[in-house]
Amino acid sequence: MQQRHFFPSAHTLNSRSYEFWLLKGITTGRRGDHFPFFSFFFLLLTFLLTPIVANASDITQQLHRPVNSSSWQYDRDEADSLLRIGEQQYRSGNAAKTIDSCLQALEIYHSIGDVRATGLTYELLAKAYIQQERYKEGEDALRRRLAIARDSKDFQAQIFALNNIAAILLQKEETVAAGKAVQEALTIAQGVNNIEGQGLSLSNLGLVTARLGDYNKAIKLYETALSYRRQKNDPIGEANTLNNLGDAYLAAGNYPDTIGAYGLAMRLARLNGDRNIQLRAIDGLVKAHTSVGRNERAFELLQERLVIAQELQNLPEQLKSFESYAAFYERLGNYATAKNFYERAIAIANTLEDTKRELVLKDRLTKLQKKRN
């Protein structure tokens, strides 16, 4: 089962800015199961990272308890079913239910000693925690995943776990530590000649470099990463890196190349059925087009974005679409329409019980109403 990353990559290097998730970016490795945790990944030496929460040998001892062979297959089937349900719940944007399903699956996998499935479950669990912005718990799940990978000498899993840990470190503004994790992942990938891991790690090293403000160097890293991703014939990875490249071009004020990079990312994502990467590319294109006054094209893209979010029945993405619409109309000075979209976004935030987002949106609505007066 091929390991993959979760996060996507960076508009302003926010939670949608990383390929790890995830990305996205944690998956079961089946082609087409890309968890956007989102569009990123790292290595020097283990001691350069923050202390690992889980110890590999301790986990192995927990997993290798004797089991009743007569019930093993029944338990395994139940755990596999819970993991599949968790994947579906994550794709629909329900992180809370994903966490519940993963924790149930983990209990069973621990009891029957299935180390490999345990590692995959920790990946999905981390994605769900990150979606809820519970970064400490997400990092803990990823470090457990890394410990298992090290214990089993699974170099590919180590590469992706390190990249995903780096994504969380970036979310926590720990840029230097994130860079060390990515570099460690790159060193491992180069040591075992893992083309996919090199492309991924170089792409994420570009993200770290962009966070440090060196956009020209980041662009060069992304361009090198693209050569590996194309060599691997990895269109999804290529699309993630192109989104990263678009971010860097946008930050550097290079609008023609920004639109070119995002546009190609969107086409690749559409052709390969990855809606999350497609949404991220659309977000970048909306920013690029509005920045140069191409409002009609930006409006067309916002329409496309909302249709995709509704087809996915993904409430968090629908919320983001309404937020984008509201900001778009507010910039145009159409406050009545902006108000309508802010209210729709608030309603979804309330449904999702996202209190933090709801308060932010209400504050924006209050400021908008003052403008109208």
Enquirer: Is Lys220 paired with Glu223 through a side-chain N to carboxylate O contact shorter than 4.0 Å?
Expert: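 Looking at Glu223 and Lys220, the cut-off is not met.
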
Enquirer: With the threshold set at 4.0 Å, does a side-chain nitrogen-carboxylate oxygen contact exist between Arg84 and Asp80?
Expert: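 Salt bridge flag = no for Asp80 with Arg84.
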
Enquirer: Would one find more than 12 heavy atoms of other residues, nucleotides or ligands at under 6.0 Å from atom CD of Gln313?
Expert: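 No, because the 6.0 Å sphere around CD of Gln313 holds 12 heavy atoms or fewer from other groups.
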
Enquirer: How would you list, by chain and number, every residue that makes a side-chain contact (heavy atoms from CB on, under 4.5 Å) with Ile85, sequence neighbours excluded?
Expert: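 Here the qualifying residues are Ser81, Gln89, Ser101.
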
Enquirer: Fit a plane to each ring of His110 and Tyr122, take the angle between them on a 0 to 90° scale, and name the class: parallel (under 30°), tilted (30 to 60°) or perpendicular (over 60°).
Expert: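 Because their plane-to-plane angle is over 60°, the rings of His110 and Tyr122 count as perpendicular.
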
Enquirer: Is Glu317 salt-bridged to Lys320, cutoff N-O under 4.0 Å?
Expert: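 Lys320 and Glu317: salt-bridged.
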
Enquirer: Rounded to the nearest 0.5 Å, what's the gap from NE2 on His289 to CD1 on Ile282? Could you check?
Expert: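 Going from NE2 on His289 over to CD1 on Ile282, the span is 11.0 Å.
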
Enquirer: Classify the angle between the aromatic ring planes of Phe299 and Tyr325 as parallel (below 30°), tilted (30 to 60°) or perpendicular (above 60°).
Expert: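 Rings of Phe299 and Tyr325: perpendicular, as their planes differ by over 60°.
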
Enquirer: Flag the pair Lys367 and Asp363 as a salt bridge only when some basic side-chain nitrogen lies within less than 4.0 angstrom of an acidic carboxylate oxygen.
Expert: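 Yes.
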
Enquirer: Go through it in stages, so that I can follow the logic: the residues are Arg143 and Asp140, the test is side-chain contact (heavy atoms from CB on, under 4.5 Å), and I'd like the CA-CA distance, side-chain angles, deciding distance and then a yes or no.
Expert: CA-CA 5 Å; Arg143 290 195 181 279; Asp140 177 75; 5.8 Å; no

Enquirer: Under a 4.0 Å N-O cut-off, is there an ion pair linking Lys356 with Glu133?
Expert: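 Yes.
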
Enquirer: For the pair Arg211 and Glu173, find out whether any cationic side-chain nitrogen is under 4.0 Å from an anionic carboxylate oxygen.
Expert: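 A salt bridge is present here (some side-chain N lies under 4.0 Å from a carboxylate O).
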
Enquirer: Whether Arg134 and Glu137 form a salt bridge (side-chain N of Lys/Arg under 4.0 Å from carboxylate O of Asp/Glu) is what I want to check.
Expert: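 Here Glu137 pairs with Arg134 in a salt bridge, since their nearest N and O are under 4.0 Å apart.
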
Enquirer: Do Gln318 and Asn314 get their side chains close enough for a donor-acceptor pair, meaning under 3.5 Å?
Expert: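 No donor-acceptor contact under 3.5 Å links the two side chains.
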
Enquirer: Atom CD of residue position Glu107 - does it have more than 12 heavy atoms of other residues, nucleotides or ligands inside 6.0 Å?
Expert: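 Open.
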
Enquirer: Checking Glu330 against Arg364 for the salt bridge (Lys or Arg N to Asp or Glu O under 4.0 Å) test, could you report, in this order, the C-alpha distance in whole Å, the side-chain angles of both residues, the deciding distance, and whether it holds?
Expert: CA-CA 10 Å; Glu330 186 174 356; Arg364 290 182 185 173; over 6 Å; no

Enquirer: Going through the distances and angles, do Arg305 and Glu300 end up as a salt bridge (Lys or Arg N to Asp or Glu O under 4.0 Å)?
Expert: CA-CA 9 Å; Arg305 190 193 201 292; Glu300 291 172 354; over 6 Å; no

Enquirer: Considering non-hydrogen atoms only, spot the tightest contact between Gly138 and Ile168 and give its length.
Expert: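 Looking at all heavy atoms of both residues, the closest pair is C-CD1, 3.5 Å.
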
